[in-house]
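Have a look at the structure below before the remarks.
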Amino acid sequence: MKKIGVAILGLGVVGSGTYKILTEHREFYKRTQDIDISVESVLELRKERALALGIAPCAIAESMAEICSNPEIDIVVEVMGGVEPAKSFVLSALRAGKSVVTSNKELFCKYSHELEKAAKKNNCGLYYEASCVGGVPVIRSLLDNLQGNKILSIMGIINGTTNFILTRMTEKGASYREVLKEAQLLGYAEADSTADVEGYDAAYKLSILSSLAFHTKIPYTEIYREGISKVNQTDISYAHKLGYTIKLLAIGKCGGNGIEVRVHPSLIKSEHPLASVKDSYNAVFVTGDSVQDVMLYGRGAGALPTGSAIVGDIIYCATHPVARYSTFKNTEKADAATKFVTNFESAYYLRLSASDKAGVLSKITSILSKNGISVDQVIQDKERVDGKVPIILVTHVTKENNVKKAVADINAVDNVASVDSIIRVVS
Ligand code: HSE
């Protein structure tokens, strides 16, 4: 029976989950995979974490060098998070001829070109299923099962913290601040929640997923990013009246004009499958030219779901002697030939505060029409706020730049109306 030795770098939530799965399923993998996978070593500064899991003191490494020089270790699992020291540790493992399995989306998104180069040079595997959407097998699906397709679009809820916050705001009427606190207490959001709520975490994941989907490097710096910190009850409730739910969506499209990649709050029809993805669940909706629509759904975070993705990679690595790398030239920057679309085509939700007097609505619609924007739905509420009435418009599909220009024109007309909220509508 093939023996595979593993080292785990970091025994936080994901590292501990991975350790538990590997130890509890060891006999099962011997029987089903014909491999004996043993955790030979761990690297964790807080040794009490290792001891609490029942790891023998002699298996707690003192340094990365100790792991690199241990001939019993074939695969290094990096679940520390952050860029450094994770990057140096992963590079030293690859240079020592060890394959690497990582859950680190920030590291992989920013430095996969360097890591992959080192992996290829040393003939090692480099696997990262756990970096995106936790236990949901989206990377392997893109890298293997969906290879027969030209992927046209990928759209998903790929951050659990923001989905939890938006679900609670929608269902309980709670404020953004209140739910953010709850998410932090439940351990979903980080103490510094910026990466989650401002969309960086989703942008890192979209960079990885869209590069795989569209076979070209899409650096996260090319992704338009907007978080959920400005989403409020007023917009959630008007969206509901109009038949929509607000979600933080990550969207990638590959069409004749180029590649479009964006992360932002979106109104999505309440009957769309992604609208029913609630709490900290994640889902990815992929459209391929042959397969058409595929939706993958599940837990995007957590000890055992993310551990499941890591152990899946360990088994894949142990059973595939020829490593699987990117299908595109993995460079730091986007290929010069890749065109990015920034003047998106979308429908828009606009909430305005307007003076309640004759001619105001016609002034607004004439500005919209002058900018090539046609209105699909409109609500004018009776309730006055600071002497103004709210007007809510949903436009037909138009170009982003038309909307920016129209909003500037509306805001420039004194005492008529101001645009308080702009949210893209996904059809
Ligand atoms: N902070 C991430 C989320 C965890 O909320 O989805 C998994 O990447």
Side-chain angles (χ1 to χ4, degrees), residues 10-18 21 77-83 86 101-110 112 127-140 142 154-169 176 179-210 212 220 223 225-229 231 246-251 263-266 274 277-285 296-313:
L11 288 176
V13 173
V14 179
S16 305
T18 303
I21 298 174
V77 173
E78 185 275 307
V79 278
M80 305 166 67
V83 170
V101 171
T102 179
S103 63
N104 193 332
K105 62 237 152 187
E106 185 180 359
L107 173 66
F108 199 80
C109 158
K110 292 181 177 170
S112 70
Y127 297 98
Y128 48 97
E129 181 67 66
S131 67
C132 295
V133 207
V136 182
V138 60
I139 288 182
R140 183 97 57 238
L142 289 170
I154 176 160
M155 179 159 79
I157 294 169
I158 58 178
N159 180 271
T161 304
T162 47
N163 202 40
F164 174 81
I165 294 174
L166 292 175
T167 305
R168 278 285 205 276
M169 287 175 74
Y176 169 77
V179 196
L180 176 58
K181 258 194 212 133
E182 191 185 347
Q184 279 165 333
L185 285 175
L186 286 167
Y188 295 144
E190 305 294 328
D192 173 10
S193 52
T194 314
D196 290 313
V197 297
E198 295 305 345
Y200 290 97
D201 177 84
Y204 297 152
K205 292 169 184 167
L206 182 62
S207 155
I208 297 171
L209 296 177
S210 55
L212 287 173
Y220 82 101
I223 296 176
R225 180 194 50 76
E226 208 181 288
I228 63 158
S229 54
V231 176
I246 300 186
K247 294 286 186 191
L248 182 74
L249 293 187
I251 299 170
V263 169
H264 51 70
S266 310
L274 286 175
V277 176
K278 295 190 179 175
D279 300 320
S280 61
Y281 277 89
N282 283 193
V284 182
F285 197 88
L296 298 158
Y297 167 88
R299 290 213 174 265
L304 297 182
T306 312
S308 154
I310 293 201
V311 175
D313 272 353

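FYI, the numbering just counts along the sequence from 1. Order of listing sets the numbers, starting from 1, for every ligand and every atom in it.
- Note: no N/O pair closer than 3.5 Å links N282 and ligand 1 by distance alone.
- Note on ligand 1: G300 sits in its first shell, one or more heavy atoms being nearer than 4.0 Å.
- Of the possible polar contacts, none joining the N104 side chain to the E78 backbone as a donor-acceptor pair under 3.5 Å is found.
- Taking every non-hydrogen atom of G160 and a distance limit under 4.0 Å, the qualifying atoms of ligand 1 come out as 3 (C), 5 (O), 6 (O).
- If you look at D196 next to ligand 1, the close heavy atoms, those under 4.0 Å, all belong to the side chain.
- In terms of polar-atom proximity, A301 is not counted as a contact of ligand 1, lacking any N or O under 3.5 Å from an N or O of the ligand.
- Close contacts of ligand 1 with T161, meaning ligand atoms under 4.0 Å from a residue heavy atom, involve 1 (N), 3 (C), 5 (O).
- Side-chain contact check for V263 versus E226: every heavy-atom pair is 4.5 Å or farther apart.
- Using a 4.0 Å cut-off to heavy atoms of N159, the atoms of ligand 1 that qualify are 2 (C), 3 (C), 5 (O), 6 (O).
- Residues passing the side chain to side chain contact (heavy atoms under 4.5 Å, CB included) test with A303, sequence neighbours excluded: V13.
- Residues that satisfy the salt bridge (charged side-chain N to carboxylate O under 4.0 Å, His left out) test with R168, not counting sequence neighbours, are E182, D279.
- At least one donor-acceptor pair closer than 3.5 Å links the side chain of N163 to the backbone N or O of V277.
- For the 3.5 Å distance criterion, the side chains of S193 and D196 fail to qualify, holding no donor opposite an acceptor.
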